[in-house]
Protein chains: 2
Amino acid sequence: MNIKSYMQALGSQAREASRIIAAADTALKNSALLAIAEALSHSREKLLAANAVDMQNGCANGLDAALLDRLELNPERIDAMIEGLQQVAKLPDPIGQVTDLQDRPSGIKLGKMRVPLGVVGIIYESRPNVTIDAASLCLKSGNATILRGGSEAIQSNQAIAACITQGLIEVGLPETVVQVINTTDRAAVGELITMTEFVDVIVPRGGKGLIERISADARVPVIKHLDGNCHVYIDDAADLEKALAIALNAKTHRYGVCNAMESLLVAQSIAAQILPKLAALYAEKGVELRGCEKTCAIIPGANAATEQDWYEEYLAPVLAIKVVDGLDQAIEHINKYSSQHTESIVTENTAQAERFMREVDSSSVMHNASTRFADGFEYGLGAEIGISTDKIHARGPVGLEGLTSQKWVVYGNGQIRQ
Amino acid sequence: MNIKSYMQALGSQAREASRIIAAADTALKNSALLAIAEALSHSREKLLAANAVDMQNGCANGLDAALLDRLELNPERIDAMIEGLQQVAKLPDPIGQVTDLQDRPSGIKLGKMRVPLGVVGIIYESRPNVTIDAASLCLKSGNATILRGGSEAIQSNQAIAACITQGLIEVGLPETVVQVINTTDRAAVGELITMTEFVDVIVPRGGKGLIERISADARVPVIKHLDGNCHVYIDDAADLEKALAIALNAKTHRYGVCNAMESLLVAQSIAAQILPKLAALYAEKGVELRGCEKTCAIIPGANAATEQDWYEEYLAPVLAIKVVDGLDQAIEHINKYSSQHTESIVTENTAQAERFMREVDSSSVMHNASTRFADGFEYGLGAEIGISTDKIHARGPVGLEGLTSQKWVVYGNGQIRQ
């Protein structure tokens, strides 16, 4: 198989299909989603059999337990995919909405119409359910999609792809609206991320390493989700009860998520009062503390933090703690070390909160709330294709709207330029 | 001079300055704009003297008349730069606006705050007034800027840069908010477009060649303005008076602009009726017509169009004309050949117009209006940094808002994730 011509064919078919799915109405897109759900439901045995092959190969290739867990399909996970499709069908359709209408002095009426991006390329790792997640969000937002899953999940992904194809055909849409790459050859990724004539945006879903590799080689724009080194700053005007609750929740609610707090900043004037209480709470949860000099002086059990700790996304029961002079130093520290994902200030002083909200340059900034709220579902997006740490296009949790763009629409009555 | 370390220093200073200008209030930014205008006004002789050197070198280097015209500064052009600064000072400040506020079931209040992109790199060709245009829009939108003008305008640009520096210092802003690269070494561009840690977006202003070169090598996202191969489609349900007026205006109002019509599509059923009238109007203006077979049969004076003509941005009194079966073929032709800039349909049939508006995939789509309206000023943006033919981030005319992004803001009262 010649990878280049295979990918060019996929790209050209996707571009053609993108015109059709862009013009499809909401009812047709929803019936496609439900037909795919139906196809999954009728293919349970095939899906489990295909997945069993992947699992067997994974074991033979020495994949670790965490990877095998992500790779596994079981009846509950198939149910979850079906439910996901039904939920996306219920989401409002963003496409075609015209907003910001205004009459211009020239007599034309001007507005903006929400439109699909066109062709979206999704590159992801072991979890086969991403095939359905990503395909359903792209389909609902009127985009054609080219999906490239992990090589360890190839059998599962091909079985899921067959269900998607069946659903699309049943409702009369071209099967090329969603295409799953059927080779594990890495050269296919290289083609996908450089076919600027056929692909409008790449959304990688996976670890920082994958995303950095893709961004380095891509010529197509990439919606990046790098790491989440999130901060909570406990201000000198903080309510101590709120501060304790938020600092505990942001760190310990879940460890392996990108919106967990990784560094805690505490204002000098209240450090001696709050840090011992926090240390006791973290000790109960088994969280390792790594502190600056002042922190270590207050918390005897804390280890000394190194410069690298301030950059770290632990994704584990480890927390870096720094005592800062006050708001200025907190903002400075965050803008230097954070990954611009999510940061929160705990304070009763509104002016200080407003400065923090404005001057901290991250995709989500919060006042008196846990960083754990930075999430597409908590934000009401209904679903999430990722969390962008970029500034261009989409920032923070990306839902259907992040897969769309706006074009200008002009309604005239024969107007010409004078 | 070591270009890499020079550019790294510029980048790092710009990143630092971007924090300060992002937090600056509207009054401070406006007073900086007016102080720069004042400095220009007091430096007229220096500006003209510096420009005279560039003009002399340009002549010696054999620049053509059009390039020399673009390079020239004269008292009127200095007045226009001053007026431009005053106008940008009057524009509403987009930064800090919080919109889309909503209460979430968790008790948090969620919104979006408009924020600067950070550091904007501008790369442009001969016209020195772009230095002021670009600097003023970036400053007003709270961004730090690194500017790289054409080598032929280096003396003029350095003289303008001195005025910008003076204005910034006068109002107490760091001079590093706007930095003009002071070397003509091409390696500086290579650094600028790859310093992802210091530069958030690149806006190239110039010909398609420049923009393609930059896009091919950039690692920083680029807001691209490629070409404008704009279409007018005269539908079978067109009002003939409107069609004649729009087709004439879109082609002949100005030839060298990106929103001029380059291809005209005419529905088969009215071609014989309208094309002779149009041919007479174009003949009066000296426009060369290149037609498909059917067009040439109706207009004896038309030359035969080649496949390449359908792709062409003439920027000249030349027009390609194609007779199409109807709406479907018109949309298909446009989506294949157009540069996705601006297209217009002339029709009295609302359903046909709606299909055209929705299915044509261009940054501006129009109904019964001349393509010449696709312009930042006509759209009420107040000023324009360029017209984007991208789909990601900004599409169509880009004003202040295109130089901004939105971050999520969360207002809580101690909420934690359950």
Side-chain angles (χ1 to χ4, degrees), chain A residues 19 22-23 96 102 104 106 108 110 113 115 117-118 200-201 215-216 219 221 239 241-242 245-246 248-250 253 335 344 355 357-359 361-370 372-374 378-380 390-393 395-397 405-417, chain B residues 19 22-23 96 102 104 106 108 110 113 115 117-118 200-201 215-216 219 221 239 241-242 245-246 248-250 253 335 344 355 357-359 361-370 372-374 378-380 390-393 395-397 405-417:
Chain A
R19 308 284 179 212
Q102 54 169 314
R104 300 295 310 151
S106 59
I108 60 171
L110 178 71
M113 184 189 285
V115 291
L117 290 175
D200 295 294
V201 67
S215 305
R219 302 254 42 89
D239 173 293
E241 290 308 310
K242 291 178 192 169
I246 289 170
L248 187 68
N249 184 260
H253 184 253
N335 282 339
S344 181
R355 269 201 57 208
M357 304 286 274
R358 176 145 177 193
E359 296 183 24
D361 185 20
S362 296
S363 73
S364 287
V365 286
M366 303 187 170
H367 177 201
N368 287 343
S370 169
R372 288 281 294 127
F373 285 108
E378 292 293 333
Y379 284 2
D390 274 333
K391 289 183 175 182
I392 299 295
H393 191 65
R395 211 176 171 187
S405 177
Q406 286 182 306
K407 66 183 176 192
W408 298 91
V409 286
V410 171
Y411 304 95
N413 188 29
Q415 278 79 6
I416 58 171
R417 196 71 187 271
Chain B
R19 307 286 180 212
Q102 53 167 315
R104 300 294 311 152
S106 59
I108 61 171
L110 177 71
M113 185 188 287
V115 291
L117 290 175
D200 295 294
V201 68
S215 305
R219 301 255 43 89
D239 174 294
E241 290 307 311
K242 290 178 191 168
I246 289 170
L248 187 68
N249 183 260
H253 184 252
N335 283 339
S344 182
R355 267 200 60 208
M357 305 287 274
R358 176 144 178 193
E359 296 183 24
D361 186 21
S362 296
S363 72
S364 288
V365 286
M366 304 187 170
H367 177 201
N368 286 345
S370 169
R372 288 281 294 125
F373 284 109
E378 291 294 333
Y379 283 3
D390 275 333
K391 289 183 178 182
I392 299 295
H393 190 63
R395 212 174 171 188
S405 178
Q406 286 184 306
K407 66 184 176 192
W408 298 90
V409 287
V410 171
Y411 304 95
N413 187 29
Q415 279 78 7
I416 59 172
R417 195 71 188 269

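Order of the sequence lines fixes the chain letters, A, B, ..., with proteins taken first and strands second; residue numbering starts at 1 for each chain.
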Go through the atoms of [X] and report whether side chain, backbone, both or neither lie under 4.5 Å from a heavy atom of chain A.
X	value
B/A245	both
B/M357	both
B/S364	both
B/I392	both
B/R19	side chain
B/V409	both
B/E241	neither

Is a donor on one side and an acceptor on the other found under 3.5 Å between the side chain of A/K391 and the backbone of B/L117?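 Yes: the side chain of A/K391 pairs with the backbone of B/L117.
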
Which atoms of A/R104 come close to chain B, meaning under 4.5 Å heavy atom to heavy atom: side chain ones, backbone ones, both, or neither?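 Looking at A/R104, just its side chain touches chain B.
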
Under 4.5 Å from any heavy atom of chain B, what part of A/S344 do you find: side chain, backbone, both or neither?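 Contact with chain B involves no heavy atom of A/S344 at all.
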
Considering residues at least two apart in sequence or located in another chain, which fulfil the side-chain contact (heavy atoms from CB on, under 4.5 Å) criterion with B/E359?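 Only A/A23, B/I331, B/R355 meet the side-chain contact (heavy atoms from CB on, under 4.5 Å) criterion with B/E359.
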
Going by the rule side-chain hydrogen bond (donor to acceptor under 3.5 Å, both in side chains), which residues pair with A/S405 if we only count those two or more places apart in sequence or in a different chain?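 None.
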
